[in-house]
Amino acid sequence: MDPSDNNNNPQFLPYITSSNSLQFTIHLPNSISNPSPNPNSISDQLLSLSIPSKRRRGRPRNTTSSLNQVYDNFPNYNGNQLNSDIVRNLTARTSTVTDASDEIIVINKEATTEALIALTAGFPADSLTDEEIEAGVVSVVGGIEQVNYILIRNHIITKWRENVSTWITKEMFVDVIPKHCSALLDSAYNYVVSRGYINFGVAPAVNGRIPAEPSKPSVIVIGAGLAGLAAARQLMLFGFKVTVLEGRKRAGGRVYTKKMEGGNKVAAADLGGSVLTGTLGNPLGLLARQLSYTLHKVRDKCPLYRVDGKSVDQDLDHKVEVAYNLLLEKASKLRQLMGEVSQDVSLGAALETFRQDYDDSMNEEEMGLFNWHLANLEYANAGLISKLSLAFWDQDDPFDMGGDHCFLPGGNGKLVQALAENVPILYEKIVYTIRYGTDGVQVVAGGQVFEGDMALCTVPLGVLKGGSIKFIPELPQRKLDGIKRLGFGLLNKVAMLFPYVFWGTDLDTFGHLTDSSSSRGEFFLFYSYATVAGGPLLLVLVAGEAAHKFETMPPTDAVTKVLQILKGIYEPQGIEVPEPIQTVCTRWGSDPFSLGSYSNVAVGASGDDYDILAESVGDGRLFFAGEATNRRYPATMHGAFLSGLREAANIAHHAKVRTTSSKVEKKPSKNAHSYACVLDDLFREPDLEFGSFSIIFAKKSSDPESPAILKVTFSGPQTRNHDGIRPDRHLSNKLLFQQLQSHFNNQHELHVYTLLKKQQALDLREVRGGDEMRLHFLSEKLGVKLVGRKGLGPNIDSIIASIKAERGKRKPGSRSLTLKSGVMKSKGATLKRKIVRKGKVVSGGNRTTSSPAAISRNKAVGSSSIAIPLTNVDLEPKPVCTIGSVASPSLNIGVNDNVGSKSVGSSSVYLLPNGSIGDKFEGNIGSSTTPILNVGGQTGSNSNAPSYPRSTYDDSTNTYGPPSSGNSAN
């Protein structure tokens, strides 16, 4: 049989007997389950994949910090030929040029090294990235121009990498770049600067470039983790006005360095992200260089200990590790044979299928070793192998930066502290709602409403999965599906501060085996921080299924178990294990600000989902960053940081496009004022009227898709008619009544509008529960916003004209026929209706424009009441912001400074000091009169923040120590 026919022969293809991705049997062709020496076998014809690097996170092997390490990215590397090979590859597409060598610029003789340095930054050696092509960095892709651009780009990156504490300017390259390539120099320099490949970080040369006064739009950054801090600093550097909202009492997010102390011992424990995985091109390594911090290479030595505390034989350790790696290679080949089917299969199922071949030959100790490697794999992915995608669990391996795995002495909190310096961060601001639309964003957080032009959401994937933040409108289904598909795993730690170091100081890691597969991740790996923490500190990892069980394990039980392991290892050697001075147990799965540790590719997901999570929504108003949005470097600290730089560039790009387009916007209609007057006249006799809502229809047809204009009237409390006449019972006097009422109260009403379809208007009429429920229906169900008359835009003029023409054709009495439908209410009733859900305080220095009597007036709204003075209302301000469920509708109503606020149903009054209608609150960091939004509770000052359990703000950690030490979780 021709081997090529094997792909069509069922006996040569793997298949499964269950659609359950976690429990099924994989039937394998003999070529995989029993490797054959036959050179024509299917398995031998497949490309042999390299051992995935992700498994190495917990147990490093021999590495090198030299650039030679990344030479592996070049097949058949020959050091002497690489430079000419790169040039030949770069010029391979330029066949139309007679003498290509005459056109290629020569910057220096280091093209090879510069290409490799650019490679560590994520650039291919001989081609453009998709982002560069999209940005149009060259006029023709694939020509000599591209070759020269790449050489210039690589040279600029290398120049900055030589001294990351300097600010690289374009003028530095004028003497080495030929004049005819000045446009390419501009293109390359602008690209690498705007995208954060150079000139970023915390060096004085960079900080000195941050403008004293921002000149660009405002951005609200949600979350002060590495992604949020990186984006905030970069945006400030670009000239944006930035406000960072952080729910915790500290910055850093899942990077948390806790100071542990007692008994004259002090140590810095990294309870979250701890290891810098790969230092070649790692931006956090570059930050450390800017701060003159020396990184500590995690040493390769990692002895393993059995359950009884005895050392594992090194030969046996090597034998099992080779077998484990072989199984992973088989799994890689299997997914190639399975094709798309592998997307619905877990890595754990594949490994278990292969492992069964070894059951008879593996003893108890070998099985324990095998389970230890699986625990290490689950640590690397923060997920159970039974839930990891066979097809894509290691999809990020090709982008591994390479280099040593390192600790930062003193903890990664030092990087966080440097990044957070001089960044406007508001702590303990828990975000509940994010509204976004074409006019901007609103973020409800910590009892306040923050408004900006754009927002960047950097919350962990676990928080997005938990749904604690409400997005209005709802996120696109594509993004919701991506959030659901991606996995978000768990890793916990136990940090123990001892009186002295009793373990060996010649190692940084050692492992411990367990006696069952279900507990294989329990205290399986120890990190010695004695050389970097400043004190005798051990960190113990809990991964996989054990990490989830650990969430409910009492801290005292955890400490007891760890001490038993340590005593089992060291006491037989004659080494006494002392009681720890202080112990901290993490609970990242219970932390409401993380709900887990880091992301992974679960069954059914793929690397595409990382890209989907990174997509902006709302026409470039709401952006997303974080490790779970970085396809190349997920589940890493540097991945989070790089995503922040990426989104800062995207935000700047959208702001530039928006600014450019606004310069060519249409001039307002010359008849805008006359149409506004016509609209006022038309609404004197609306087609429908209920509560504070009035509606006019564009035409009398029954077409449910025909347009309708909705007006909502917000007014102050009115006195009753002096003559006691009810306008709805004297229709002939209604027009006169309305004119007189408008003249008397023209400073006390606010009219806002929106355009609906006729069917939507009819549905709105049927909503029960009063005006508040109707506003809720508009926002939540229809997704519309209320705007001022000018906010309707010039396109509304034609509709107004058609309605006026239609009205001119109506016969006398047609209005009364509409009234008989029983759905109309008088304008007088409308004027008395009060639905005020968001107000702004307007002050005029020491001048108070409202009388005490006005301040004291109350009008019932449902079961609540609001005091609203009848002064200082601008009838035609800027377009009003989007309405929503919390603090909605977002109507900016000017009221007097002395107004208090009370809950209105499920919403609240929004008070802003020194504001006017249409103003945006953009932080006012440090102001003593910050706006307060009463969200289901009492209003108050910033100091009256919501009360939460101490463990919530201590990152859900539990601290344990001897009673005599007096230490607490804080």
Going through the distances and angles, do L388 and V601 end up as a side chain to side chain contact (heavy atoms under 4.5 Å, CB included)?
CA-CA 6 Å; L388 296 178; V601 184; over 6 Å; no
Is V275 close to F407 at the side-chain level, that is, under 4.5 Å between some pair of heavy atoms?
yes
Could you tell me whether the side chain of T158 reaches within less than 4.5 Å of the side chain of E110, counting heavy atoms only?
no
Could I get the full list of side chain to side chain donor-acceptor pair (under 3.5 Å) partners for S389, not counting sequence neighbours?
none
Chi angles and distances behind the side chain to side chain contact (heavy atoms under 4.5 Å, CB included) call for Y598, L491:
CA-CA 8 Å; Y598 40 90; L491 174 75; 3.8 Å; yes
Whether the H373 and N325 side chains hold a donor-acceptor pair (N or O, under 3.5 Å, no angle test) is what I'd like checked.
no
Donor-acceptor pair, Y189 side chain versus I168 backbone, under 3.5 Å?
yes
Do the side chains of L151 and V106 get nearer than 4.5 Å, heavy atoms only?
no
Under the salt bridge (charged side-chain N to carboxylate O under 4.0 Å, His left out) test, residues paired with R646 that sit two or more places apart
none
Short side-chain to backbone donor-acceptor contact, D400 and G402, under 3.5 Å
yes
Tell me if a side-chain donor or acceptor on Q343 pairs with a main-chain N or O of S606 at a distance below 3.5 Å.
no
S643 side chain to A640 main-chain N or O, any donor-acceptor pair under 3.5 Å?
yes
Do the side chains of I152 and C181 get nearer than 4.5 Å, heavy atoms only?
yes
Check for a donor-acceptor pair, side chain of S194 on one end and backbone N or O of N190 on the other, with a separation under 3.5 Å.
yes
Would you give the length of the straight line joining atom CG of L415 to atom CG of L284, rounded to the nearest 0.5 angstrom?
6.0 Å
ring-ring contact (aromatic ring centres under 6.0 Å, His included) involving F623 - partner list, sequence neighbours excluded:
H654
Do the ring centers of Y527 and F510 come within less than 6.0 Å of each other?
no
Report the residues that fulfil salt bridge (charged side-chain N to carboxylate O under 4.0 Å, His left out) with D130, sequence neighbours left out, ordered by chain and then residue number.
none
So how far is it from Q290 CD to N207 CG, rounded to the nearest 0.5 Å?
8.5 Å
Give a yes or no on whether the backbone of L328 and the side-chain of S332 come within a donor-acceptor separation of less than 3.5 Å.
yes
Decide whether D270 and T257 meet the rule of one side-chain donor and one side-chain acceptor closer than 3.5 Å.
yes
Within residues 626-641 or reaching into it, pairs that qualify as salt bridge (Lys or Arg N to Asp or Glu O under 4.0 Å) - sequence neighbours excluded:
R254-E627, D608-R631, D611-R631
Is there a donor-acceptor pair under 3.5 Å between the side chain of N630 and the backbone N or O of G639?
yes
Exceeds 12 heavy-atom contacts within 6.0 angstrom, atom NZ of K159
no
Closest non-hydrogen atom pair between P634 and D396, with its separation
CD-CB, 3.7 Å
Is a side-chain N or O of N600 found less than 3.5 angstrom from the main chain of A382, in a donor-acceptor match?
yes
Could you pull out the closest heavy-atom pair between L461 and S599, with the gap in Å?
CD2-CB, 4.1 Å
Restricting to non-hydrogen atoms, name the atom on L390 and the atom on S342 that form the minimum distance, rounded to 0.1 Å.
CB-O, 3.9 Å
Counting only heavy atoms not in H318, do more than 12 fall under 6.0 Å of its NE2?
no
Whether the T120 and R161 side chains hold a donor-acceptor pair (N or O, under 3.5 Å, no angle test) is what I'd like checked.
yes
Who pairs with E421 by side chain to side chain contact (heavy atoms under 4.5 Å, CB included), at least two apart in sequence or on another chain?
none
Taking side chain to side chain contact (heavy atoms under 4.5 Å, CB included) as the test, write out the residues that go with E145, two or more places apart.
V138, S139, V140, L184
Who are the ring-ring contact (aromatic ring centres under 6.0 Å, His included) partners of Y633, not counting sequence neighbours?
H638
With sequence neighbours left out, the residues meeting ring-ring contact (aromatic ring centres under 6.0 Å, His included) with F123 are Y197
Taking the side chain as everything from C-beta on, heavy atoms only, tell me whether L237 gets closer than 4.5 Å to R233.
no
How about Y191 and E131: does a side-chain donor come under 3.5 Å of a side-chain acceptor?
no
Would you say N412's side chain and L408's backbone share a donor-acceptor pair under 3.5 angstrom?
no
So do the side chains of E132 and Y149 get within less than 4.5 Å of each other, counting heavy atoms only?
yes
With sequence neighbours excluded, residues passing ring-ring contact (aromatic ring centres under 6.0 Å, His included) with F624
none
Taking the side chain as C-beta and beyond, is there a heavy-atom pair between F173 and I156 under 4.5 Å?
yes
Heavy-atom count around E162 CD within 6.0 Å, excluding the residue itself: above 12?
yes
Can you sort out the partners of S274 under side chain to side chain donor-acceptor pair (under 3.5 Å), two or more places apart, ordered by chain and number?
K493
For W167 together with F200, are the ring centres under 6.0 Å from each other?
no
Check the pair T629, Y610 against side chain to side chain contact (heavy atoms under 4.5 Å, CB included), reporting the backbone distance first and the verdict last.
CA-CA 5 Å; T629 70; Y610 288 112; over 6 Å; no
Just jot down the salt bridge (charged side-chain N to carboxylate O under 4.0 Å, His left out) partners of K170, sequence neighbours excluded, or say none.
D186
How about N108 and H155: do any of their side-chain heavy atoms sit closer than 4.5 Å?
yes
Any donor and acceptor pair, going by atom type alone, linking the side chain of D404 with main-chain N or O of C406 inside 3.5 Å?
no
